[in-house]
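Throughout, numbering of the chain's residues begins at 1 and tracks the sequence.
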Amino acid sequence: MADPKGFMTTPRQEWPRRPVEERVRDWNEVYVPGVLLPIVNRQADRCMDCGVPFCHEACPLGNLIPEWNDLVSRDDWRQAADRLHATNNFPEFTGRLCPAPCEAGCVLAINQPAVTIKNVEAAIADRAWELGLAPPRPPERLSGRTVAVVGSGPTGLAAAQQLTRAGHTVAVYERDDRLGGLMRYGIPEFKMEKHHLERRIEQMLAEGTKFRTSTAVGRDVGAAELRSRYDAVVIATGATAWRELPVPGRELDGIHQAMEYLPLANRVCEGDLESSPVSAAGKHVVIVGGGDTGADCLGTAVRQRAASVTQLDIYAQPGAERDEDAEPWPTYPKVYRLSAAHEEARDLRTAPAASADARLFAASTLRFTGDGGGHVRSLHLVEVDAARRPLPGTGRTLPADLVLLALGFSGPDRGDGLIDQLGLQMEPRGTIRRDAGFATSVPGVFAAGDAARGQSLIVWAIAEGRAVAAAVDRHLTGSSRLPAPIGPFDRPMAV
């Protein structure tokens, strides 16, 4: 503990964002570059080095947070990077994309603002790359065993890297033309610039992992053929089957799923397209869904110069403070949070009808209406109570030339035929069934990440990848020294 009084003398200071007017004119990350390092040492000093650090339990990766906080406060970046990478393959991803349940579990957060754990994590990861502290780690010898990993999201990449480093020959199959899964085409550039992803892929290539892009298992390569060619198969395809909104008018043109809209904007940033064929430019946009995907649509629409953008959240507006009875510390509380996209919408006044930033809370969509050409022109909504029952006299209409549905995902997409060709048993909720060792109903086939767990956070995805790698290693060799931070049935802390 570098400064035993740091939590009393130093206020919380987060990574500052660039001015709204500046950042909405480009697609670069929203944070001010180069200013995190001067402030992060003192922020790390705020860590109390608790006797029982609940931040460990709040994070499924089991990150050694007090240890690397102490090392950062002493400017020991090499040791800090070692401790961080001991539990997390991709801390630059989680340091930008994770909502930080570790901070909700920070002991200091009982009665003060939590330590800026997420910012410290991002600073260590970035500093490690700058100082050459994240070199490739190829195995000393090969095991002679082969593994196919289907899906290159955070779960698939983490599993592949762990298994490659254990000495197995690993090939990752990705149906898109580039690697990364939702991190590539679902996460906007302003949340995480893709050079972070490219850098890790180059590291994995140098370690010996092989990649097969534009290859949909079940369609381009038969699932049975894949199973016969490899000693083990890991299914890490994610939960990409989006939820629908079955209301009158859904068939109108101009109503799209978020994951039809966001990849096109990302492809513009990649240079594949000059402009998106589904653009918000000059349109009145309504986003149905109050989660992170909806916020990503919001930030994207703002940068595309929408005429207005409104986001509908079916839940009531949460309070600014934790409800100690319903969500006591150290659980992750539902409180009012202002993401970068919501800050932009608030300052630019993109939604004059909204009650807070761009959001209308406790709002449920009733129907859509269109023009004579079959294109959506308005969305009809009503306010609801806590049980989602309509409140009489609260109906209203919003102009809508583009509607984006961000309602989450129910499980893996079965369109490629992978699941059916293998004959995998499924859970009633649409995810892949597996046992306590991550094994599916088909011998030699394992399932991990959102495809089996259901839609979750990036830290759970990486933890699943690390854990399934240990299970596969044990299956192939009889034992494993790889860490397994979670079990397949573990869940976040809750009341």
Side-chain angles (χ1 to χ4, degrees), residues 15 27-31 33 36 59-65 68 80-81 83-103 116-130 133-134 136-137 149 151-162 165 172 174 176 178-205 207 209 211 236 238-239 262 266 269-270 292-293 295-296 339-340 448-450 453 455-469 485-486:
W15 193 353
W27 294 87
N28 300 330
E29 288 182 7
V30 299
Y31 297 106
L36 186 54
C59 177
L61 287 166
N63 283 331
L64 307 173
I65 296 164
W68 41 256
R83 301 312 290 151
L84 180 56
H85 283 103
T87 58
N88 189 348
N89 295 71
F90 314 122
E92 64 271 36
F93 302 168
T94 54
R96 288 170 168 81
L97 304 179
C98 182
C102 54
E103 294 187 15
T116 55
I117 299 170
K118 179 177 172 178
N119 287 177
V120 176
E121 179 180 40
I124 298 171
D126 291 350
R127 192 70 170 148
W129 285 108
E130 292 171 12
L133 303 178
R137 291 170 46 196
V149 176
S152 68
T155 297
L157 292 180
Q161 184 166 65
Q162 293 293 95
R165 289 175 173 179
V172 178
E174 170 55 54
D176 279 327
R178 292 184 179 89
L179 299 165
L182 287 181
M183 291 188 297
R184 171 72 67 179
Y185 290 128
I187 299 297
E189 194 85 1
F190 58 80
K191 284 185 70 173
M192 187 184 78
E193 295 173 8
K194 298 307 178 282
H195 68 84
H196 299 292
L197 180 57
E198 297 292 355
R199 196 162 48 187
R200 282 295 176 185
I201 292 170
E202 291 172 5
Q203 180 196 53
M204 293 178 66
L205 283 167
E207 292 172 346
T209 303
F211 294 101
L262 291 172
N266 276 312
C269 293
E270 293 279 7
D292 288 342
T293 302
D296 292 344
S339 71
D450 290 3
R453 173 172 292 275
Q455 183 179 351
S456 190
L457 305 178
I458 186 171
V459 282
W460 281 93
I462 296 173
E464 286 255 340
R466 291 171 66 86
V468 77
I486 60 171

Qualifying residue for salt bridge (Lys or Arg N to Asp or Glu O under 4.0 Å) with Glu92, from Lys194, Arg200, Arg127:
Arg200
Can a salt bridge be assigned to the pair Arg184 and Glu270 using a cut-off of 4.0 Å between side-chain N and carboxylate O?
yes
Using 4.0 Å as the upper bound for N to carboxylate O, is an ion pair formed by Glu121 and Lys118?
no
Looking only at heavy atoms, which two atoms of Gly153 and Met183 are closest? And how far apart?
C-CE, 4.2 Å
Is there a side-chain contact (heavy atoms from CB on, under 4.5 Å) between Leu157 and Phe211? Walk through the geometry before answering.
CA-CA 10 Å; Leu157 292 180; Phe211 294 101; 3.9 Å; yes
Is it true that the side chains of Tyr185 and Arg178 contain a donor and an acceptor less than 3.5 Å apart?
yes
To the nearest 0.5 Å, how far apart are CD1 in Ile124 and CG in Leu84?
5.0 Å
Please report the interatomic distance CE(Met204) to CZ(Phe90), rounded to the nearest 0.5 Å.
5.0 Å
Between the main-chain N or O of Ala469 and the side-chain N or O of Gln162, is there a donor-acceptor pair closer than 3.5 Å?
no
Tell me whether Arg137 at atom CZ has more than 12 heavy atoms from other residues, nucleotides or ligands lying less than 6.0 Å away.
no
With a sphere of 6.0 Å drawn around CG of Asp176, does it hold more than 12 non-hydrogen atoms of other residues, nucleotides or ligands?
yes
By side chain to side chain donor-acceptor pair (under 3.5 Å), Arg165 pairs with (sequence neighbours left out) Glu207
